Amino acid sequence: MLKVLLVDDEPFIAQGLSVLIDWEKWGYEIAGMVYNGKEALDFLKTNEVDLILADVKMPVMDGITLLKKIREESVSEAFFVIVSGYGEFSYAQQAIKYKCTDYILKPVQKEQLSELLERVNQLYNKRENERSQEEKMKQAYFARYMQSILLGRGDREAVEYISQKVEAPEGLRYVCLALESGEKIMEPQTIRCAQKAVYARCRQYLGDADGYFVFMDLAGREEWFDIGILYDVHLAEKANMTEERFLRTLLDNVRDGIEISVTAYVGDKVEKVEDIYRSFHTAIMALSFQNFDASERIRYYSERKTEESGKIISEEIIEELLKAVEENHRDKIKSIVERVFYEINGADMEPGMIRINMNYLLVRLTHLGLAQDDSVDQNEIISYIRENAFDTRMVRGSRENFETFMLEYADYLCELRKNTPGSVLAKVEKEIRENYHENITLKELSKKYYVNSAYLGQMFRKQYGIPFKEYLNNYRIEKAAEYLLRTDNKIYAVAEQVGYRDLDYFINRFISIKGCTPTSYRKKNRNHA
């Protein structure tokens, strides 16, 4: 319902207007009736209205003066209609000057008022649509600039734009809210709907002024359903809360009625807008290493005291292990791993505590990897650790697997330091050209050329923009297309010629790359030729 304020010094006229038509039928309700411009201004200080109908001639303050003050002092954005028994053009001129919506003469007719309300309704809807579009554009600009900063590519324009919105640049964090189905089997579409609901509730919780600070899908992993929040300290201060209380209240609001868990991963605090990417990276790392106690709804990447995080392995041993791994001192690595597990067993740690300690170590290993080659994407190192550390069940307390991982990671760091991918990739590409029909794998090639398989995969993706397996499949399909045009061999024979033993798999791959079956491809292109 649009709210209406009636302003007239003659009470019976105001009363007459209030009953002249069925206001509710037209989508309006009478919010108040006052008897001069001064009373109207006082009313507007504590009440919001959408339409004001005011007489021109009134004591204390007339209608034109009221309109002028409302516009010049931005008291209200309400549509303003002058209602007067005076038909002089001078009144209309003044009214138009101050953006008067309409000017109607007394006595007001029912049809005239109905037409006015319909027109105001249209104007209101048009204005709201324009505001909505403008708001979406502003949000899109903010998100675009924010994304460039989070990726470490923010220029001065991006930093200045974001800085205008941030009240407390000395205390910024990136907070990643991740939706996690746990052991429940849920369709991606179901999780996506929940993600949108959480996003909307976050914006509602922060309010119109700070709704810009909420984003979707910035974590960069297809399997993650995340909402990002740019947190600055004033958000909690305005709510008279501590940071942790603010985040817990936020989680309570967004999780209400949603059958999926929502966890906050909190990045490190930074003091400049241009450094937000550092907080973003640490929040994503916290999300990557999400083996902490599942009961904890807010997980900080760091800035936790030893007793708070449950870290029991001594810092001295961790530093020794990191140094041995960086130096690839294999005997020391084995010896220190044994000491680590001696400490774990001596402390009689629960599995949850072991995971916390191992996660802390994995985070330190990630930093160690970044220190070797600053051109390597942090996500590549995280992916390596996830695929190798977690898949070998290192975090579950297996000393043998832990030792194996540490030795392999030491080799991986050596490859990062070498950073000479060109010659190796040339050899790998030659292998594909000459032996594409064989069962070649990245693992076998890495052994042949003495390169860590994970690092070789990363180099290959960086060089060609796609994974090794996809590159090999594409090459095989291109060779298959040549054979289809140049020979009359059966489809299954062509499949075997290019290295496929499964005919159905070959046909599916061919369709996905060429857009048609091998038979159709042969028929169409031979006829075309």
Side-chain angles (χ1 to χ4, degrees), residues 1-136 204 207-209:
M1 290 283 183
L2 300 186
K3 298 184 183 297
V4 182
L5 174 63
L6 301 178
V7 188
D8 199 301
D9 63 326
E10 298 184 58
F12 73 91
I13 292 180
Q15 289 287 347
L17 281 174
S18 70
V19 297
L20 182 61
I21 61 169
D22 184 351
W23 291 85
E24 189 172 338
K25 174 185 173 182
W26 292 94
Y28 294 81
E29 62 175 311
I30 305 298
M33 287 187 289
V34 293
Y35 305 110
N36 62 60
K38 176 67 169 59
E39 291 181 2
L41 282 178
D42 292 340
F43 182 89
L44 293 172
K45 288 178 182 178
T46 55
N47 298 275
E48 291 187 7
V49 301
D50 304 294
L51 172 62
I52 301 170
L53 275 73
D55 191 14
V56 169
K57 290 287 187 177
M58 294 183 292
V60 185
M61 183 186 294
D62 62 54
I64 298 297
T65 304
L66 170 62
L67 173 59
K68 180 180 178 182
K69 282 187 171 291
I70 287 175
R71 297 302 186 230
E72 290 182 344
E73 299 174 14
S74 300
V75 176
S76 172
E77 294 184 344
F79 295 100
F80 199 103
V81 175
I82 290 290
V83 182
S84 176
Y86 299 86
E88 291 88 346
F89 183 63
S90 60
Y91 288 119
Q93 281 183 311
Q94 293 181 66
I96 291 170
K97 179 181 177 182
Y98 295 106
K99 298 179 183 178
C100 181
T101 306
D102 209 340
Y103 185 97
I104 57 178
L105 297 176
K106 297 178 181 178
V108 179
Q109 303 299 313
K110 183 176 181 180
E111 293 77 11
Q112 184 184 21
L113 183 57
S114 299
E115 289 176 4
L116 171 68
L117 296 185
E118 184 175 6
R119 191 162 76 85
V120 169
N121 240 325
Q122 293 172 353
L123 291 172
Y124 177 84
N125 290 334
K126 180 182 178 182
R127 185 177 71 182
E128 291 304 301
N129 286 336
E130 289 174 350
R131 285 181 175 176
S132 176
Q133 291 302 315
E134 183 181 357
E135 192 65 23
K136 288 179 181 178
Q204 184 179 18
D208 293 338

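Just so you know, these numbers come straight off a predicted model, no measurement behind them.
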**Student:** Under the criterion side-chain contact (heavy atoms from CB on, under 4.5 Å), I'd like the reasoning laid out for Val7 against Leu53: C-alpha separation, chi angles, the key distance, then a yes or no.
**Tutor:** CA-CA 6 Å; Val7 188; Leu53 275 73; over 6 Å; no
**Student:** Could you walk me through whether Val49 and Val4 satisfy the side-chain contact (heavy atoms from CB on, under 4.5 Å) test, starting with their C-alpha distance in whole Å, then the side-chain angles of each, then the deciding distance to 0.1 Å, before giving a yes or no?
**Tutor:** CA-CA 6 Å; Val49 301; Val4 182; over 6 Å; no
**Student:** Is there a donor-acceptor contact under 3.5 Å linking the side chains of Thr65 and Asp62?
**Tutor:** yes
**Student:** Do NZ/NE/NH1/NH2 and the carboxylate oxygens of Glu128 and Arg131 come within less than 4.0 Å?
**Tutor:** yes
**Student:** Say you draw a straight line from CD1 of Ile30 to CG of Leu17; how long is it, rounded to the nearest 0.5 Å?
**Tutor:** 8.0 Å
**Student:** Sorted by first residue and then second, give each side-chain hydrogen bond (donor to acceptor under 3.5 Å, both in side chains) pair with at least one member in residues 109-122; sequence neighbours left out.
**Tutor:**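 Of all non-adjacent pairs touching residues 109-122, those that pass side-chain hydrogen bond (donor to acceptor under 3.5 Å, both in side chains) are Asp102-Arg119.
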**Student:** Are side-chain heavy atoms of Asp50 and Phe79 found at a separation under 4.5 Å?
**Tutor:** no
**Student:** State the CG-CD1 distance between Leu6 and Ile52, to the nearest 0.5 angstrom.
**Tutor:**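 These two atoms lie 10.5 Å from each other.
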**Student:** Going from OG on Ser84 to NZ on Lys57, what distance comes out if it is rounded to the nearest 0.5 angstrom?
**Tutor:** 8.5 Å
**Student:** CD1/Ile21 to CH2/Trp26 distance, rounded to the nearest 0.5 angstrom?
**Tutor:** 7.0 Å
**Student:** Find out whether Ile64 and Ile82 are in side-chain contact, i.e. whether some heavy atom of one side chain is under 4.5 Å from a heavy atom of the other.
**Tutor:**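 They are in contact (side-chain heavy atoms under 4.5 Å apart), so the answer is yes.
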**Student:** Check whether any side-chain heavy atom of Leu41 sits under 4.5 Å from a side-chain heavy atom of Ile70, and report yes or no.
**Tutor:** yes
**Student:** Walk me through it: do Leu2 and Leu51 pass the test side-chain contact (heavy atoms from CB on, under 4.5 Å)?
**Tutor:** CA-CA 7 Å; Leu2 300 186; Leu51 172 62; over 6 Å; no
**Student:** Could you tell me whether the side chain of Ser18 and the main chain of Gln15 form a donor-acceptor pair under 3.5 Å?
**Tutor:** yes
**Student:** With side-chain contact (heavy atoms from CB on, under 4.5 Å) as the test, would you mind laying out the steps for Arg127 and Glu77 before giving the verdict?
**Tutor:** CA-CA 11 Å; Arg127 185 177 71 182; Glu77 294 184 344; 4.1 Å; yes
**Student:** Show every salt bridge (Lys or Arg N to Asp or Glu O under 4.0 Å) that has at least one partner inside residues 19-34, sequence neighbours left out.
**Tutor:**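 Every pair satisfying salt bridge (Lys or Arg N to Asp or Glu O under 4.0 Å) with a residue in residues 19-34: Lys3-Glu29.
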**Student:** With the side chain counted from C-beta on, respond yes when Leu67 and Arg71 share a heavy-atom pair under 4.5 Å apart, and no when they do not.
**Tutor:**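 Leu67 reaches Arg71 side chain to side chain.
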**Student:** Closest heavy-atom contact between Gly32 and Leu5?
**Tutor:**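 For Gly32 versus Leu5, the nearest heavy atoms are O-CD1, 3.4 Å.
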**Student:** At what distance, to the nearest 0.5 angstrom, does NZ of Lys45 lie from CG of Asp42?
**Tutor:** 5.0 Å
**Student:** Can you tell whether the side chains of Lys106 and Asp8 come within less than 4.0 Å, N to carboxylate O?
**Tutor:** yes
**Student:** Checking Glu72 now: which residues fulfil salt bridge (charged side-chain N to carboxylate O under 4.0 Å, His left out) with it, not counting sequence neighbours?
**Tutor:** none
**Student:** Main chain of Phe80, side chain of Thr101: is a donor-acceptor contact present, judged purely on distance under 3.5 Å?
**Tutor:**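 Yes, Thr101 side chain to Phe80 backbone: donor-acceptor pair under 3.5 Å.
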**Student:** Could you tell me whether the side chain of Met58 reaches within less than 4.5 Å of the side chain of Asp55, counting heavy atoms only?
**Tutor:**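 Side-chain contact under 4.5 Å: yes.
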**Student:** What distance do Tyr103 atom OH and Leu116 atom CG have between them, rounded to the nearest 0.5 Å?
**Tutor:**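 Nearest 0.5 Å value for the OH-CG distance: 14.5 Å.
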**Student:** Shortest non-hydrogen contact from Ala54 to Leu66?
**Tutor:**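 Reported closest heavy-atom pair: CB-CD2, 4.3 Å.
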**Student:** Would you say Glu39's side chain and Tyr35's backbone share a donor-acceptor pair under 3.5 angstrom?
**Tutor:** yes
